[in-house]
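Each remark here refers to the structure printed beneath this line.
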Amino acid sequence: MTELTRRDALAAGAFATLATSLPAWAQSAAQTAGGAAWDLTEIYPDDAAWDAARKSALAALPGIAKYKGRLSESAQVLAEALALQSDIGKTIGRVYTYVSLKGDEDVRIAAYQEKQAQAIDLYTAFGEATAWFAPEILAVGKPRIDGFIAANPALRTRFDFYLANIVRQAEHTLSPEGEALLASAGSPLQAPGEIAGQLRSSDIPWPTIKLSDGKEVRLDSQGYTLNRDAPNRADRKAVFDAFWTAHGKFQNSFGATYNAKVKGDIFNAKARKYPTSLAAALSGNNVPEAVYRTLVAETNKGLPQLHRYFELRRRMLKLPDIAYYDIYPPLVSLDRPFNLDQMRTLTLEAVKPLGTDYQARIAKATAAKWMDPWPRPGKRPGAYMNPGAYEVHPYLLLNLSEKYDGLSTYAHEWGHALHSLLANAAQPFEKADYPIFLAEIASTLNEQLLVAHMLKNAKGKEEKLFYLGQQMENFRGTFFRQTMFAEFELKAHDLAKAGEGLSGRKFTEVYFDLLKRYHGPAMGFDPAYANEWAFIPHFYNSFYVYQYATCIAAATYFAQAILKGGVRERDNYLSVLKAGGSDYPVDILKRAALDMASPAPYQALVASFKDTLDQAEALLG
């Protein structure tokens with residue numbers, strides 16, 4: 001699939017977590033609320049007002065064409081054209097946000113599915129109406145554009161970064177005919193991911209196995225995810241053996257789809273005159289390749305700590321040895337429930353190190369009707385923050401459990417919301433929207449502060465071990481595992497560029513080598529487990545997952561600096577949130593004293609992982 005903008009990705013629930021079963025307290029709350037707890041009338045008072053806004057935006061689109069061929073006339077004309085484009089885009093974002101949220105309240109209501117289709121059609125029409133902007137701006141040329149920016153306040157304050165970014169990518173922008181040709185190739189280039197998705201969702205005959213309690217489970221993707229942490233070790237092994245063997249039977253087909261994806265990436269890089277597929281993928285946010293390669297190198301240096309964690313996991317689970325099917329069971333259980341008021345209170349206490357302004361903003365926001373917190377029949381699963389109604393405020397869809405994962409999700413999504421609130425307050429609409437490279441820092445840092453707060457106030461060894469275990473698993477799954485995926489993508493593309501013949505068997509060999517290196521010599525593997533690469537849909541959105549690892553590294557770096565430091569460290573971090581999308585993400589972080597191309601953020605995470613391991617081992621004695 002093509003890479004979505006952050007607003008679209010968030011609206012689609014890109015920060016989703018699995019929905020949980022409805023606990024008793026949430027059932028009562030949902031019944032009392034009688035449906036969604038958020039107030040969408042702040043966006044539009046009713047569907048009629050929404051439809052009027054949609055039609056008004058649609059009617060405004062032809063007006064954009066009157067500026068075509070005129071962007072070089074003067075700074076004033078360019079500013080008028082960009083303002084019209086931006087204002088219409090802001091309205092369309094609001095239109096889409098309202099109907100997507102309404103649709104997610106109950107996905108069974110066909111009327112809102114139809115309205116969402118209308119909103120998407122409006123986005124498509126907007127894209128077609130404005131497609132000529134970038135080529136025409138490039139034709140004007142950098143010297144004249146720079147002169148226009150200097151002469152016009154609106155260009156200087158609202159559109160300078162937008163214009164500079166277009167000019168930056170001039171050498172990779174083709175002629176109008178070439179751009180049209182590449183655009184038409186977009187659909188067939190998405191086919192490998194779509195075919196792989198169909199294989200996983202409908203064509204593979206997934207096995208059914210009987211667990212030790214007599215329960216029969218069908219091991220499709222959902223069945224695997226729900227049962228891979230089974231308490232009984234023999235059950236876990238049976239789940240892994242059956243699921244990955246089933247993937248292996250389609251190794252050749254998955255190999256063909258991923259090989260086609262890699263070749264498509266190489267085609268796109270060549271067409272746009274990039275030296276590598278990696279350079280092409282990173283270009284959009286102007287991320288240096290050194291960020292990606294330093295992440296991989298420093299993660300590999302930190303693998304001894306990961307291997308140490310697996311030995312600790314073996315010890316805590318009281319196993320004679322450790323195998324790949326042992327990495328998912330929880331280390332310690334916690335029977336402490338959290339209701340919604342407690343989640344709010346604990347989150348507010350946890351973020352106190354971020355200062356009084358942050359505290360006041362999150363206290364006001366969490367007390368308002370911006371959130372739909374409870375699972376209920378028909379509601380969309382998962383969790384996300386949608387910032388698309390810029391002039392209103394963010395909205396949050398959650399499906400909370402009463403367990404710690406519900407509390408953690410609450411803190412996480414409100415981290416996203418405060419990022420948007422601070423960016424919107426500090427930036428004009430055109431510079432407020434921030435990229436994925438920054439997005440997960442704010443949410444993950446809130447999780448880090450929450451763990452620190454919960455550890456500080458934990459009662460007894462078992463509760464402390466639980467929170468330490470959550471932190472260690474977060475580091476394993478979000479940093480080390482995602483970097484392993486990133487290294488797999490890099491190796492696959494390097495092999496293809498070197499002219500190596502690629503196949504499902506070759507991809508499995510590459511992935512097996514990575515599994516063994518990342519998990520250490522003590523970890524047991526059946527060779528069939530190396531078919532896991534075929535299970536990862538993110539590989540069809542090339543060079544994307546590394547951002548999860550960079551974000552948790554940056555969040556850990558900032559969290560440690562804030563907890564150990566003072567006002568300067570806090571303000572450095574908050575400057576990142578307030579910057580929104582006003583500059584390239586790596587440069588925003590550099591101004592906050594964090595260079596993502598340097599080893600520092602990744603070394604900080606490994607050091608924090610080591611410290612967490614030290615604490616857990618000390619508690620175990």
Side-chain angles (χ1 to χ4, degrees), residues 1-19 33 35-58 61 87-127 365 368-400 409 412-414 416-417 419-421 423-424 429 432-436 439 443 541:
M1 75 179 178
T2 56
E3 185 169 350
L4 301 173
T5 66
R6 200 184 118 276
R7 275 203 174 93
D8 289 344
L10 285 168
F15 298 115
T17 55
L18 288 175
W38 54 30
D39 181 10
L40 301 187
T41 63
E42 295 183 68
I43 308 178
Y44 295 111
D46 52 36
D47 289 358
W50 169 84
D51 199 43
R54 180 187 67 84
K55 289 176 179 176
S56 176
L58 192 60
L61 290 179
D87 291 345
I88 294 173
K90 182 163 56 177
T91 298
I92 292 173
R94 189 165 175 164
V95 165
Y96 179 80
T97 295
Y98 174 85
V99 76
S100 68
L101 295 175
K102 289 292 288 186
D104 287 352
E105 288 179 359
D106 192 335
V107 298
R108 300 168 298 184
I109 299 176
Y112 285 110
Q113 297 173 25
E114 294 161 6
K115 292 181 191 299
Q116 285 187 66
Q118 289 179 302
I120 291 170
D121 288 345
L122 180 57
Y123 256 128
T124 301
F126 177 63
K369 294 184 177 181
W370 298 7
M371 174 179 63
D372 185 357
W374 304 290
R376 62 177 177 275
K379 180 182 171 183
R380 179 188 175 129
Y384 64 74
M385 185 279 301
N386 186 322
Y390 171 82
E391 292 174 324
V392 186
H393 54 71
Y395 282 87
L396 290 78
L397 179 141
L398 307 172
N399 284 278
L400 298 173
T409 298
H412 179 105
E413 297 303 335
W414 278 109
H416 284 307
H419 191 174
S420 288
L421 283 176
N424 291 357
F429 169 74
D433 189 27
Y434 45 90
I436 294 291
S443 55
N541 190 7

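The shortest side-chain heavy-atom distance between Ser56 and Thr91 does not fall under the 4.5 Å cut-off. Residues Trp38 and Leu397 meet the side-chain proximity criterion, which asks for heavy atoms closer than 4.5 Å. Looking at heavy atoms from C-beta onward, Lys55 lies out of side-chain contact with Gln118 at the 4.5 angstrom threshold. Within the 4.5 Å cutoff, the side chain of Asp372 has no heavy atoms near those of the Leu101 side chain. Taking 4.5 Å as the limit, every side-chain heavy atom of Tyr98 sits out of range of all side-chain heavy atoms of Lys115. Side-chain contact between Trp414 and Leu396 is present, with heavy atoms from C-beta onward closer than 4.5 Å. At least one side-chain heavy atom of Glu105 sits under 4.5 Å from a side-chain heavy atom of Lys102.
Residues Ser420 and Tyr434 approach most closely at OG-OH, 2.9 Å, considering heavy atoms. Between Trp370 and Ala365, the shortest heavy-atom distance links the atoms CZ3-CB, 3.3 Å. Summarising the geometry of Ala119 relative to Tyr96, their closest heavy-atom pair is CB-CD1, 3.7 Å, with the distance given to 0.1 Å. The shortest non-hydrogen separation linking Ala57 to Ile88 is O-CG2, 4.3 Å. Taking every heavy atom of both residues into account, Pro394 and Met385 meet most closely at CB-SD, 3.6 Å. The nearest pair of heavy atoms linking Ala37 to Trp374 is CB-CZ3, 3.7 Å.
Here the straight-line distance linking atom CG of Asp433 with atom CG of Asn424 works out to 9.0 Å at 0.5 Å rounding. To the nearest 0.5 Å, atoms OG1 (Thr97) and CH2 (Trp50) are separated by 12.0 Å. With values rounded to the nearest 0.5 angstrom, Leu58 atom CG is found 9.5 Å from Asp121 atom CG. Considering CD of Glu391 and CZ of Arg94, their distance stands at 6.0 Å, rounded to 0.5 Å. Between Asp106 atom CG and Lys379 atom NZ the span is 11.0 Å, to the nearest 0.5 Å. Taking NE2 of His416 as the reference point, atom CG of Asn386 lies at 12.0 Å (rounded to 0.5 Å).
Of the possible polar contacts, one joining the Arg108 side chain to the Pro377 backbone as a donor-acceptor pair under 3.5 Å is found. Under a 3.5 Å cut-off, the side chain of Gln113 and the backbone N or O of Val107 do form a donor-acceptor pair. Asn399 places a side-chain N or O within donor-acceptor distance of the main-chain N or O of Arg380, the cut-off being under 3.5 Å.
Below 30°, between 30° and 60°, or above 60°: for His393 and Tyr395 the angle between ring planes is between 30° and 60°, a tilted geometry. Using cut-offs of 30° and 60° on the angle between ring planes, the pair Phe429 and Tyr390 is perpendicular.
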In sequence, state the C-alpha distance, the side-chain angles, and the governing distance for Asp47 and Tyr112, and then conclude on side-chain hydrogen bond (donor to acceptor under 3.5 Å, both in side chains).
CA-CA 10 Å; Asp47 289 358; Tyr112 285 110; 2.6 Å; yes
